[in-house]
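What follows is a short report on a single structure.
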Amino acid sequence: MNYFPQVEKVAYEGPETKNMFAFRHYQADEMVMGKTMKEQLRFAVAYWHTMTQDGADPFGKPVNIRTWETSDPMETAKNRVEAFFELLVKLDVEYFCFHDVDIAPTGNSLEEFFANIDEITDLIQVKMKETGIKLLWNTANMFSDPRYTNGAASSNNAEVFAYAAAQVKKGLDISKKLGGENYVFWGGREGYESLLNTDMKLEQDNIARLFKMAIAYTKEIDHKVQFLIEPKPKEPTKHQYDFDAATAMAFLQKYDLTNDFKLNLEANHATLAGHTFEHELTVARCYDALGSIDANQGDMLLGWDTDEFPTNIYDTTLAMYEILENGGIAPGGINFDSKVRRSSFEMEDLLLAHIAGMDTFARGLKAAAKLKEDRFFDDLKEQRYASYQSGIGAKILDDQETLESLTEYALAHDDVRLESSHLEYVKSRLNDYLV
Ligand code: XUL
Ligand code: CO
């Protein structure tokens with residue numbers, strides 16, 4: 001079956017093309033800062049938004065036309081594998097990500113769910129071998145089922161903790177089976193609705209306990225995988241424990257998990273936390289913990305996680321700049337945790353939306369590379385912090401100074417003069433790069 005007959009393969013045709021099913025900016029083998037665009041960007045498609053989302057919202061029924069749907073859940077799951085790999089090949093995307101529940105029906109028992117996962121991952125494995133497409137990360141959905149109403153590892157109910165542990169074990173088994181490069185924990189309901197009945201310390205200790213069990217298990221099965229925490233401040237829970245990058249880092253440090261975990265940062269989660277995406281990436285980079293990104297964008301006029309495909313070049317430029325500063329994103333990647341709008345309900349919209357996201361990131365990458373080559377931010381910052389290059393500043397950085405010695409210095413130099421940052425000029429110059 002040909003699920004996407006609109007195109008044989010999405011090709012680069014340049015910015016002037018009128019072909020909707022062509023890249024206008026993403027050229028896989030174009031060299032940017034010593035690597036091909038494909039190597040720099042490491043795109044991944046998310047199984048959940050692309051294969052299982054039906055377009056329903058709290059006010060409306062499903063609208064998405066998905067030609068793989070049948071009345072038999074297992075048949076649908078198998079069709080999805082076919083369609084998914086067809087899409088990845090046509091887009092020339094090298095990686096994918098999924099939750100356990102995205103790929104296989106949960107059935108009537110945990111045993112049946114696991115058997116379904118085994119059958120579907122056998123199919124996925126064949127497709128991976130055929131196409132060379134790789135698993136960026138998988139994860140366990142520990143938030144949708146009613147048993148997770150009060151969280152998973154942070155649940156008040158120990159049987160729920162045990163069930164979550166079984167899902168994580170299975171997730172790591174399939175990660176090994178499929179050669180997953182990362183494994184993600186997004187704490188969907190790991191948080192609280194009310195502090196009145198919450199033992200925050202026990203809940204956080206238990207999340208760390210589950211993480212330590214996961215680390216121990218990967219050692220046991222000899223699977224080298226990068227663990228990632230994906231912060232989000234709220235939604236579905238009122239307050240989530242992995243609020244943002246800084247909070248997640250404090251958690252990792254407290255429980256001595258920084259050697260095994262990095263962060264998977266998502267643009268729309270950053271804005272929900274009241275940060276820009278580049279803020280979150282910078283925080284992670286300062287901790288040497290920038291692991292991977294979930295690419296999407298929110299709507300500044302709405303207060304929830306809209307998970308739109310990224311189309312804002314300003315944001316992708318600043319994000320790609322952080323990634324270049326980081327020396328790349330591998331073994332992480334750029335996963336489109338993005339869904340088509342409800343009004344984009346046709347099959348071909350799945351192609352068009354990913355093309356839009358890939359082109360937007362390609363433009364961001366090119367602009368970021370130019371900013372780096374021109375030393376735009378390097379020079380700006382070097383100049384702004386020049387007072388630390390010599391004299392008293394250099395001594396402060398050398399840790400030679402004390403409160404007493406600096407008091408002596410300040411008494412003799414109390415005529416401090418600052419220079420303007422000319423920020424409006426800087427922003428206007430930055431705009432020149434966004435072409
Ligand atoms: C939810 C979200 C998740 C994670 C994986 O906001 O981003 O899909 O990426 O569980
Ligand atoms: Co995400």
Side-chain angles (χ1 to χ4, degrees), residues 42-54 57 95-104 106 135-145 148 151-154 164 167-168 170-172 174-175 180-191 207 210-211 214 225-245 247-248 261-273 275 277 280-281 284 290-299 302-310 315 319 329 332-340 354 357 361:
R42 295 172 60 84
F43 286 131
V45 173
Y47 217 96
W48 53 104
H49 288 311
T50 297
M51 305 316 291
T52 67
Q53 205 242 130
D54 60 15
D57 71 13
Y95 288 95
F96 66 104
C97 301
F98 65 87
H99 301 82
D100 47 5
V101 303
D102 307 332
I103 58 164
T106 48
L135 176 60
L136 186 68
W137 53 261
N138 64 304
T139 184
N141 177 323
M142 305 190 296
F143 44 89
S144 294
D145 191 274
Y148 291 124
S154 69
Q167 264 186 272
V168 170
K170 189 69 180 170
L172 292 170
I174 54 182
S175 171
E181 297 184 25
N182 305 271
Y183 185 89
V184 164
F185 287 97
W186 168 57
R189 293 183 197 271
E190 309 290 33
I207 295 172
L210 184 68
F211 289 175
V225 72
Q226 175 65 60
F227 283 108
L228 301 169
I229 289 191
E230 184 177 324
K232 186 175 183 182
K234 57 189 168 196
E235 202 200 292
T237 307
K238 182 179 87 174
H239 180 101
Q240 283 170 208
Y241 291 134
D242 306 323
F243 192 93
D244 59 3
T247 315
F261 275 83
K262 289 193 171 187
L263 303 181
N264 180 40
L265 296 164
E266 177 164 327
N268 205 168
H269 295 180
T271 49
L272 276 181
H275 303 306
F277 191 29
E280 289 293 83
L281 299 179
L290 177 48
S292 199
I293 71 169
D294 269 8
N296 58 22
Q297 67 188 28
D299 185 323
L302 303 173
W304 61 91
D305 197 14
T306 57
D307 285 345
E308 297 174 24
F309 273 86
D315 291 345
I329 192 77
I334 297 179
N335 168 47
F336 288 110
D337 192 349
S338 315
K339 59 176 178 238
V340 287
H354 283 94
F361 262 90

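FYI, the numbering just counts along the sequence from 1. Whatever order the structure lists them in is the order used to number ligands and atoms, beginning at 1. Worth knowing before you read on, the calculation uses all heavy atoms, side chains too, and leaves out hydrogens, waters and symmetry mates.
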task: Would you mind reporting whether F309 and V340 have side-chain heavy atoms less than 4.5 Å apart?
output: yes

- prompt: Backbone, side chain, both or neither: what part of N264 comes under 4.0 angstrom of ligand 1, heavy atoms only?
  reply: neither

statement: A correct count of protein N/O/S atoms found below 2.8 Å of the Co ion (ligand 2) gives 4

query: In the protein, what heavy atom is nearest to atom 9 (O) of ligand 1, and what distance, to one decimal place, separates them?
result: E230 OE1, 2.7 Å

task: Calculate, to the nearest 0.5 Å, the distance between atoms CG and CG belonging to L290 and L265 respectively.
output: 6.5 Å

statement: Nearest non-hydrogen contact to atom 6 (O) of ligand 1 from the set H269, Q240, K339 belongs to H269

- request: Any chance you could lay out the side-chain hydrogen bond (donor to acceptor under 3.5 Å, both in side chains) test for W186 and D242, step after step, and finish with the verdict?
  value: CA-CA 8 Å; W186 168 57; D242 306 323; over 6 Å; no

Partner residues of N141 under the side chain to side chain contact (heavy atoms under 4.5 Å, CB included) criterion, sequence neighbours left out: H99, D100, V101, F143, S144

query: Within the side chain of E190, is there an N or O that forms a donor-acceptor pair under 3.5 Å with the backbone of Y241?
result: no

- request: Classify the angle between the aromatic ring planes of F211 and F185 as parallel (below 30°), tilted (30 to 60°) or perpendicular (above 60°).
  value: tilted

message: Can you confirm, on distance only, whether ligand 1 has an N/O atom lying under 3.5 Å from any N/O atom belonging to H99?
response: yes

message: Can you see whether N296 engages D307 through a side-chain donor-acceptor pair at a distance of less than 3.5 angstrom?
response: yes

- prompt: Within the structure, does D294 bring an N/O atom to less than 3.5 angstrom of an N/O atom in ligand 1?
  reply: yes

message: I'd like to check which ligand 1 atoms, numbered from 1 as shown, lie under 4.0 Å from a non-hydrogen atom of W48.
response: 8 (O), 9 (O)

field: Heteroatom proximity flag, W186 to ligand 1, N/O under 3.5 Å
entry: no

field: Note, M51 side chain near V45 side chain (heavy atom, < 4.5 Å)
entry: no

- request: Would you mind telling me if ligand 1 is within reach of the side chain of D305, the backbone, both or neither, using heavy atoms under 4.0 Å?
  value: side chain

task: Could you tell me which non-hydrogen atom of P231 sits nearest to which non-hydrogen atom of I229, and how far apart they are?
output: CD-O, 3.4 Å

task: Please test F336 against F43 for ring-ring contact (aromatic ring centres under 6.0 Å, His included), starting from the C-alpha separation and ending with a verdict.
output: CA-CA 7 Å; F336 288 110; F43 286 131; 5.2 Å; yes

message: With the threshold set at under 4.0 angstrom, would you say D337 reaches ligand 1 through any of its heavy atoms?
response: yes

